[in-house]
Amino acid sequence: MVFKLKTSKETMQVFNDISASIHLQPFALAKIAIALSIRDNTELDADSFNTDTDGLELNRQTITGEYDDLFKTLIVNKNGFDLSEEEYFPKYLKAHLDRGAKLLYAEYKYSGSNFYNHLANLDKSI
């Protein structure tokens, strides 16, 4: 069983940029990015599964921690079909992480100086 994944280089750069500004560590940014990807109305496309592995190496425990079952359930519900452990991690979790990093960066750029408040109120502004 695989317990590590490597993000794309773009995800690493997004996490580095945001970390430098607001001092959130990659493990926290990863959780937010995955949540944003799951929240997104579009399905993962083929390109979502074909990202590079030139970024950060993250442990499964670091990314999902005690909420691993919750993350898997959310991804399964999003997809509408069950996933084996090998499909869930690293394949689907990495796809959501890399896509979510792009969404996170867009929210970061849009939010200006109040990123935390912006994230907490995303659904209220819809």
Side-chain angles (χ1 to χ4, degrees):
M1 188 183 275
V2 177
F3 292 103
K4 293 182 180 187
L5 65 74
K6 289 194 79 169
T7 69
S8 70
K9 187 175 184 178
E10 182 179 9
T11 296
M12 179 180 70
Q13 290 170 336
V14 165
F15 286 1
N16 287 341
D17 286 352
I18 295 173
S19 289
S21 175
I22 62 171
H23 309 293
L24 277 180
Q25 297 300 311
F27 69 90
L29 295 171
K31 290 172 179 64
I32 298 167
I34 293 165
L36 288 173
S37 178
I38 292 169
R39 177 184 172 272
D40 191 72
N41 290 329
T42 61
E43 299 297 321
L44 293 172
D45 58 17
D47 290 339
S48 299
F49 297 100
N50 293 323
T51 58
D52 65 74
T53 56
D54 298 330
L56 299 169
E57 182 175 271
L58 299 171
N59 290 321
R60 183 174 182 165
Q61 180 65 27
T62 302
I63 300 169
T64 60
E66 64 185 277
Y67 302 106
D68 192 58
D69 290 337
L70 175 63
F71 277 96
K72 184 176 182 185
T73 300
L74 290 170
I75 291 172
V76 165
N77 284 337
K78 173 76 173 176
N79 291 333
F81 55 87
D82 200 18
L83 296 171
S84 68
E85 280 299 307
E86 293 75 25
E87 290 172 315
Y88 163 65
F89 194 93
K91 184 178 178 181
Y92 274 82
L93 197 71
K94 180 183 180 336
H96 278 290
L97 176 61
D98 286 339
R99 177 173 77 163
K102 294 174 190 174
L103 297 169
L104 179 65
Y105 197 63
E107 295 298 341
Y108 170 72
K109 288 294 194 186
Y110 178 77
S111 69
S113 63
N114 205 351
F115 181 62
Y116 295 116
N117 189 47
H118 175 73
L119 282 180
N121 293 295
L122 271 178
D123 289 332
K124 292 178 184 176
S125 63
I126 295 174

Would I38 end up clustered with F27 when hydrophobic side chains under 4.5 Å apart are linked, directly or stepwise?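 No, I38 does not connect to F27 through the hydrophobic network.
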Please check if F71 and F81 belong to a single hydrophobic cluster, counting links between Ile, Leu, Val, Met, Phe, Trp and Tyr side chain heavy atoms closer than 4.5 Å.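 Yes; tracing contacts between hydrophobic side chains, which count when under 4.5 Å, links both residues.
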About how many Å separate [atom2] of [Y] and [atom1] of [X], when rounded to the nearest 0.5 Å?
X: K72; Y: S84; atom1: NZ; atom2: OG; value: 7.0 Å
X: I32; Y: L97; atom1: CD1; atom2: CG; value: 11.5 Å
X: K109; Y: F115; atom1: NZ; atom2: CZ; value: 11.5 Å
X: T64; Y: K31; atom1: OG1; atom2: NZ; value: 7.0 Å
X: I18; Y: L104; atom1: CD1; atom2: CG; value: 4.0 Å
X: K4; Y: N59; atom1: NZ; atom2: CG; value: 5.0 Å

For the side chain of [X] and the backbone of [Y], is there at least one donor-acceptor N/O pair under 3.5 Å apart?
X: N50; Y: A46; value: yes
X: T62; Y: L58; value: no
X: S37; Y: A33; value: no
X: Y92; Y: V76; value: no

Steps toward side chain to side chain contact (heavy atoms under 4.5 Å, CB included) verdict (S111, L119): CA-CA 8 Å; S111 69; L119 282 180; over 6 Å; no
Verdict with reasoning, T11 to T51, per side chain to side chain contact (heavy atoms under 4.5 Å, CB included): CA-CA 10 Å; T11 296; T51 58; over 6 Å; no
Identify which one of L122, N121, N114 satisfies the side chain to side chain contact (heavy atoms under 4.5 Å, CB included) criterion when paired with H118.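 The side chain to side chain contact (heavy atoms under 4.5 Å, CB included) with H118 is passed solely by L122 among L122, N121, N114.
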Given D98, which of L5, L44, T7 fulfils the side chain to side chain contact (heavy atoms under 4.5 Å, CB included) condition?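 Option passing the side chain to side chain contact (heavy atoms under 4.5 Å, CB included) with D98: T7.
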In terms of heavy-atom contacts, does NZ of K78 have more than 12 from other residues, nucleotides or ligands at under 6.0 Å?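 Yes, the 6.0 Å shell around NZ holds more than 12 heavy atoms from other groups.
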Hey, is K6 close enough to E57 for a salt bridge, meaning N to O under 4.0 Å?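 Here K6 does not pair with E57 in a salt bridge, since their nearest N and O are not under 4.0 Å apart.
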For D68 versus R60, what's the shortest heavy-atom pair and its separation?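 Result for this residue pair: OD2-NH2, 2.8 Å.
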Closest heavy-atom pair and its distance - M12, D54: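 M12 and D54 have their closest heavy atoms at CE-O, 4.1 Å.
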Steps toward salt bridge (charged side-chain N to carboxylate O under 4.0 Å, His left out) verdict (K102, E107): CA-CA 9 Å; K102 294 174 190 174; E107 295 298 341; over 6 Å; no
Give the C-alpha distance, both sets of side-chain angles, the deciding distance and a yes or no for side chain to side chain contact (heavy atoms under 4.5 Å, CB included) between I63 and F89. CA-CA 11 Å; I63 300 169; F89 194 93; 4.3 Å; yes
Evaluate the side-chain proximity of H96 to L36: yes if any heavy-atom separation is below 4.5 Å, no if none is.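 Not in contact.
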Polar contact flag, side-chain donor to acceptor under 3.5 angstrom, D82-Y88: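 Side-chain D/A pair, D82 to Y88: absent.
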Cut-off 3.5 Å, side chains only: do R99 and T42 have a donor facing an acceptor?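 Checked: R99/T42 side chains pair up, N/O donor to acceptor below 3.5 Å.
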Residues two or more places apart in sequence or in another chain: which of them pass side chain to side chain donor-acceptor pair (under 3.5 Å) with D17?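 Only Y105 meet the side chain to side chain donor-acceptor pair (under 3.5 Å) criterion with D17.
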Evaluation steps, side chain to side chain contact (heavy atoms under 4.5 Å, CB included), between I75 and N79: CA-CA 6 Å; I75 291 172; N79 291 333; 3.6 Å; yes
Can the positive tip of K91 be found less than 6.0 Å from the middle of the six-membered ring of F49, inside 45° of the ring normal?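 The answer is yes; both the distance and angle limits are met.
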